[in-house]
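To keep things clear, I will list the structure first and then write my remarks on it.
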Amino acid sequence: MPESAQVFEDAMPGAVASAMDRRGLERLLAQVALGDALAFEILYHATSAKLFGVCLRLLPERSDAEDVLQDAYAAIWRKAAQYDAAIASPISWLAMIAHNKAIDRLRSENV
């Protein structure tokens with residue numbers, strides 16, 4: 001069984017869980033850092049509702065929040081290797097990326 005499939009089985013038996021524990025998210029981020037697309041998909045399904053909420057709190061237009069969420073996950077894919085568990089929890093790190101992308105969008109609209 002591929003490592004990402006094992007992560008899926010360990011972290012979300014049977015279906016994508018609505019919330020994962022810190023360890024599961026850390027393992028998924030480690031797999032994403034290695035370019036594992038399945039781990040990225042699992043991470044997305046496990047965290048996208050929360051990150052979308054972060055975007056919606058800052059951006060009044062739903063379509064803007066959806067665009068920013070996509071930008072955030074593109075950044076997560078690129079920067080997963082930079083995640084450091086000693087600095088932040090995985091969900092805090094992910095939320096910070098979404099928050100920063102939303103702020104960037106607000107600033108670009110106010111230029």
Side-chain angles (χ1 to χ4, degrees):
M1 173 182 297
E3 174 105 6
S4 59
Q6 185 61 49
V7 168
F8 181 82
E9 286 300 316
D10 290 349
M12 298 171 290
V16 174
S18 62
M20 291 183 54
D21 65 8
R22 180 181 182 131
R23 179 179 219 130
L25 290 175
E26 286 174 353
R27 290 172 31 196
L28 285 171
L29 280 169
Q31 288 303 116
V32 171
L34 297 173
D36 186 329
L38 177 58
F40 184 70
E41 181 178 352
I42 296 165
L43 181 72
Y44 175 85
H45 287 290
T47 61
S48 61
K50 179 164 182 68
L51 298 190
F52 188 54
V54 169
C55 296
L56 278 175
R57 278 192 295 275
L58 293 166
L59 301 165
E61 294 292 327
R62 185 176 182 88
S63 62
D64 288 341
E66 291 168 351
D67 289 346
V68 167
L69 183 67
Q70 183 176 349
D71 292 344
Y73 277 100
I76 291 163
W77 175 257
R78 290 189 310 273
K79 297 178 179 185
Q82 296 174 13
Y83 169 69
D84 185 348
I87 295 174
S89 71
I91 197 65
S92 294
W93 186 77
L94 295 166
M96 178 206 60
I97 290 172
H99 181 269
N100 289 346
K101 291 292 182 184
I103 295 294
D104 290 346
R105 173 65 63 97
L106 288 170
R107 287 180 181 152
S108 72
E109 291 175 354
N110 291 328
V111 173

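All of these numbers come straight from a predicted model, not from anything done at the bench.
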Enclosure of Arg23 CZ (heavy-atom neighbours >12, cutoff 6.0 Å): no
Single-linkage hydrophobic cluster Val54~Ile103, side-chain heavy atoms < 4.5 angstrom: no
With Leu28, the side chain to side chain contact (heavy atoms under 4.5 Å, CB included) member among Ile42, Asp36, Leu38: Ile42
Non-hydrogen atoms of Ala33 and Ala80 that approach each other most closely: N-CB, 3.6 Å
Ser89 side, atom OG; Met96 side, atom CE - distance, nearest 0.5 Å: 10.5 Å
Rounded distance [0.5 Å steps], CD in Glu66 versus CD in Glu61: 10.5 Å
Derivation and outcome, side-chain contact (heavy atoms from CB on, under 4.5 Å), residues Tyr73 and Leu51: CA-CA 9 Å; Tyr73 277 100; Leu51 298 190; 3.2 Å; yes
Leu29 to Pro90 - nearest heavy-atom pair and separation: CD1-CB, 3.9 Å
Leu94 vs Leu43, side-chain contact (heavy atoms from CB on, under 4.5 Å): CA-CA, chis, key distance, verdict: CA-CA 10 Å; Leu94 295 166; Leu43 181 72; 4.1 Å; yes
Ser48 (side chain) donor-acceptor with Tyr44 (main chain) under 3.5 angstrom: yes
Any Asp67 side-chain heavy atom under 4.5 Å of Arg105 side chain: yes
Whether over 12 other heavy atoms sit under 6.0 Å from Phe52 CZ: yes
Residues, nucleotides or ligands: over 12 heavy atoms within 6.0 Å of Gln70 CD: no
Distance-minimising heavy-atom pair for Cys55 and Leu69: SG-N, 4.0 Å
ILVMFWY cluster, Tyr83 and Ile91 together (side-chain gap under 4.5 Å): yes
Atom of Ile76, atom of Ile97 and distance for their closest heavy-atom approach: CG1-CD1, 3.8 Å
Gap separating the CD atom of Glu109 from the CG atom of Asp64, nearest 0.5 angstrom: 5.0 Å
Within one Ile-Leu-Val-Met-Phe-Trp-Tyr cluster: Trp93 and Leu34, side-chain cutoff 4.5 Å: no
Minimum heavy-atom distance between Ala102 and Val68, given as atom pair plus value: N-CG1, 3.5 Å
Taking every non-hydrogen atom, the tightest pair across Gln31 and Ala39: CB-CB, 3.5 Å
